[in-house]
Student: 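Structure provided below as structure tokens; questions to follow.
Within every chain, numbering begins at 1; the chains are lettered A, B, ... in the order of the sequence lines, protein sequences first and strands thereafter. The figures that follow rest on heavy atoms only: side chains count, while hydrogens, waters and symmetry mates do not.
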Number of protein chains: 2
Amino acid sequence: MIIRGKTEPVFLILTALADEPRHGYGIIQEVRRVTDGRVDLRVGTLYGALDRLAAEGLVEKHGDAVESGRLRRYFRLTETGAQALAAEASRMAADAAVAMERLKKFTAPARSAGLDIAGGLA
Amino acid sequence: MIIRGKTEPVFLILTALADEPRHGYGIIQEVRRVTDGRVDLRVGTLYGALDRLAAEGLVEKHGDAVESGRLRRYFRLTETGAQALAAEASRMAADAAVAMERLKKFTAPARSAGLDIAGGLA
DNA sequence: GCGTAATATCTCGCGGGCCGATATATATCA
DNA sequence: TGATATATATCGGCCCGCGAGATATTACGC
């Protein structure tokens with residue numbers, strides 16, 4: 001979403017980091033989990049986004065670790081990042097509410113011939 | 001939002017068309033209105049997006065008109081477009097709710113030098 | 001009458017960001 | 001031995017939003 005708010009991948013990365021620090025691959029799994037499998041974050045998207053978010057000060061490195069013989073690079077949300085995420089979330093909720101409210105007034109376009117609508121939503 | 005859901009401009013265009021057909025400039029004004037001036041839709045964004053949305057069948061032409069000596073090209077939301085907007089809105093509301101819920105667990109990162117974490121969460 | 005702003009449409013090019021592809025390396029299980 | 005999962009990283013293509021510019025009419029102030 002997002003003007004010049006965040007894109008959905010970025011929003012979800014921040015969301016994944018909201019409760020605790022995670023490493024890259026862990027973020028991917030968490031995003032998949034919180035979206036019920038809907039969003040499969042790409043690594044190319046992830047690392048590019050993390051670099052930008054770190055440059056903006058919304059996330060920061062939380063140290064590297066070697067666990068089970070594998071390198072893990074942890075990131076965590078900063079205070080600024082948490083505020084940005086909260087602002088973005090409330091804006092999205094507001095936009096979504098406006099859309100749903102307005103959709104109540106939607107009536108399906110009348111098809112070519114005079115045959116009509118009636119059924120739109122009511 | 002938005003994977004491969006709609007971007008915010010696109011989402012707001014659909015929202016602006018939800019209650020009744022509008023012409024391009026009217027969409028711009030309506031978007032500004034529903035976002036309390038936050039989003040100023042650019043014409044380059046608008047016409048490109050309308051072309052794509054029409055190609056996808058989410059909006060359709062509602063006829064041209066000359067009013068007050070000015071040409072107006074009207075667009076309206078299709079049934080498919082209304083469904084897409086509803087789906088997108090509910091997805092956004094869900095994502096926003098998840099983010100806000102998780103933010104409750106957020107604790108500010110322990111600051112600065114050497115002093116290690118410890119307080120992070122526990 | 002004249003300039004400016006608002007209304008209204010459209011096009012083009014730049015740049016940013018997502019994604020697919022690719023590379024590398026270790027651990028686990030069949 | 002090979003496939004799959006874990007884990008990191010880079011690069012090029014492509015889509016899309018935006019800035020800038022073009023065109024035209026109406027409305028208002030001076």
Student: Let me know the distance between CG of L46(A) and P of dA7(D), rounded to the nearest Å.
Tutor: 13 Å
Student: With nearest nucleotide decided by heavy atoms, which residue, V10(A) or F75(B), maps closer to the 5′ end of DNA chain C?
Tutor: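 Taking each residue's closest nucleotide, the earlier one in sequence belongs to F75(B).
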Student: Just how far, in rounded Å, is P of dA7(D) from CD of E30(A)?
Tutor: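 These atoms are roughly 13 Å apart.
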Student: What contact category does E67(B) fall into here, base, sugar-phosphate, or nothing, at under 4.0 angstrom with non-hydrogen atoms?
Tutor: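 Touches nothing.
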Student: Taking only the side-chain heavy atoms of Y25(B) (C-beta and beyond), determine which of dC19(C), dA9(D), dA6(C) contains the nearest atom.
Tutor: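 For the Y25(B) side chain, the nearest candidate turns out to be dA6(C).
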Student: For DNA chain D, whose closest nucleotide is more 5', that of D51(A) or that of R72(A)?
Tutor: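 Mapping each residue to its closest nucleotide by heavy atoms, the 5'-most match is R72(A).
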Student: To the nearest Å, give me how far apart NE2 (H23(B)) and C1' (dA6(C)) are.
Tutor: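 After rounding, the gap between these two atoms is 12 Å.
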Student: For a quick test of reading the model, state the closest non-hydrogen atom pair linking L77(B) to A18(B) and the distance between them.
Tutor: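 In this case the closest contact between L77(B) and A18(B) is CD2-CA, 3.8 Å.
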Student: Between dT8(D) and Y47(A), is there an OP1 or OP2 to side-chain N/O distance shorter than 4.0 Å?
Tutor: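 The answer is yes; a side-chain N or O of Y47(A) sits under 4.0 Å from OP1 or OP2.
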Student: Write down the distance between CZ (R32(B)) and P (dA8(C)), rounded to a whole number of angstrom.
Tutor: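 So the two atoms are 12 Å apart, to the nearest Å.
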Student: Starting from C1' on dA9(D), measure out to CG on L71(A) and report it in whole angstrom.
Tutor: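 Taking CG of L71(A) and C1' of dA9(D), I get 11 Å after rounding.
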Student: Looking for any heavy atom pair under 4.0 Å, which part of the strands does G44(B) touch: base, sugar-phosphate only, or nothing?
Tutor: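 Base: the residue G44(B), judged by heavy atoms under 4.0 Å, touches a nucleobase.
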Student: Can a donor-acceptor pair be found, under 3.5 Å and without considering hydrogens, that links the side chain of T35(B) to the backbone of V31(B)?
Tutor: yes
Student: Whole angstrom is fine here: how far is it from CG in L41(A) over to P in dT8(D)?
Tutor: 12 Å
Student: Name the residue from E101(A), M100(A), R102(A) that meets the side-chain contact (heavy atoms from CB on, under 4.5 Å) definition with V98(A).
Tutor: R102(A)
Student: Looking only at heavy atoms, what is the nearest atom pair of F11(B) and A96(A), with distance?
Tutor: CZ-CA, 4.2 Å
Student: Ignoring backbone atoms, establish whether R52(A) has a side-chain N or O less than 4.0 Å from OP1 or OP2 of dG17(C).
Tutor: yes
Student: With a 4.0 Å cutoff (strictly under), does any side-chain N or O of R42(B) reach OP1 or OP2 of dG19(D)?
Tutor: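 Indeed, a polar side-chain atom of R42(B) lies that close.
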Student: Does dA5(D) have OP1 or OP2 under 4.0 Å away from a side-chain N or O of Q29(A)?
Tutor: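 Checking dA5(D) against Q29(A), no side-chain N or O comes under 4.0 Å of OP1 or OP2.
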Student: What N/O pairs connect the protein and nucleotides 24-27 of chain D at under 3.5 Å? Give each pair on its own line.
Tutor:
from    : atom 1 : to     : atom 2 : distance (Å)
dT26(D) : O4'    : R70(B) : NH2    : 3.1

Student: Whether T7(B) contacts dC16(D) is assessed here as follows: a side-chain N or O lying under 4.0 Å from the phosphate OP1 or OP2. Is that the case?
Tutor: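 For dC16(D), neither OP1 nor OP2 has a side-chain N or O of T7(B) closer than 4.0 Å.
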Student: Of all the heavy-atom pairs spanning F106(A) and T78(B), show the shortest one and how long it is.
Tutor: CZ-O, 3.5 Å
Student: Looking at dT9(C), dT8(D), dC18(C), which one has an atom nearest to any side-chain atom of V43(A)?
Tutor: dT8(D)
Student: Rounded to whole Å, how long is the line connecting atom OH of Y74(A) with atom C1' of dT6(D)?
Tutor: 12 Å
Student: Applying the 4.5 Å side-chain criterion to the ILVMFWY set and letting contacts propagate, would V43(A) and I13(A) be lumped into a single cluster?
Tutor: yes
Student: Rounded to whole angstroms, how far apart are CG on L53(A) and C1' on dG16(C)?
Tutor: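 From L53(A) CG to dG16(C) C1': 14 Å.
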Student: Identify which one of R22(A), H62(A), K61(A) satisfies the side-chain contact (heavy atoms from CB on, under 4.5 Å) criterion when paired with R73(A).
Tutor: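 Of all the options given, the one that passes is K61(A).
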Student: Kindly give the heavy-atom pair with the smallest separation between A49(A) and V10(A), and that separation in Å.
Tutor: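 For A49(A) versus V10(A), the nearest heavy atoms are CB-CG2, 4.1 Å.
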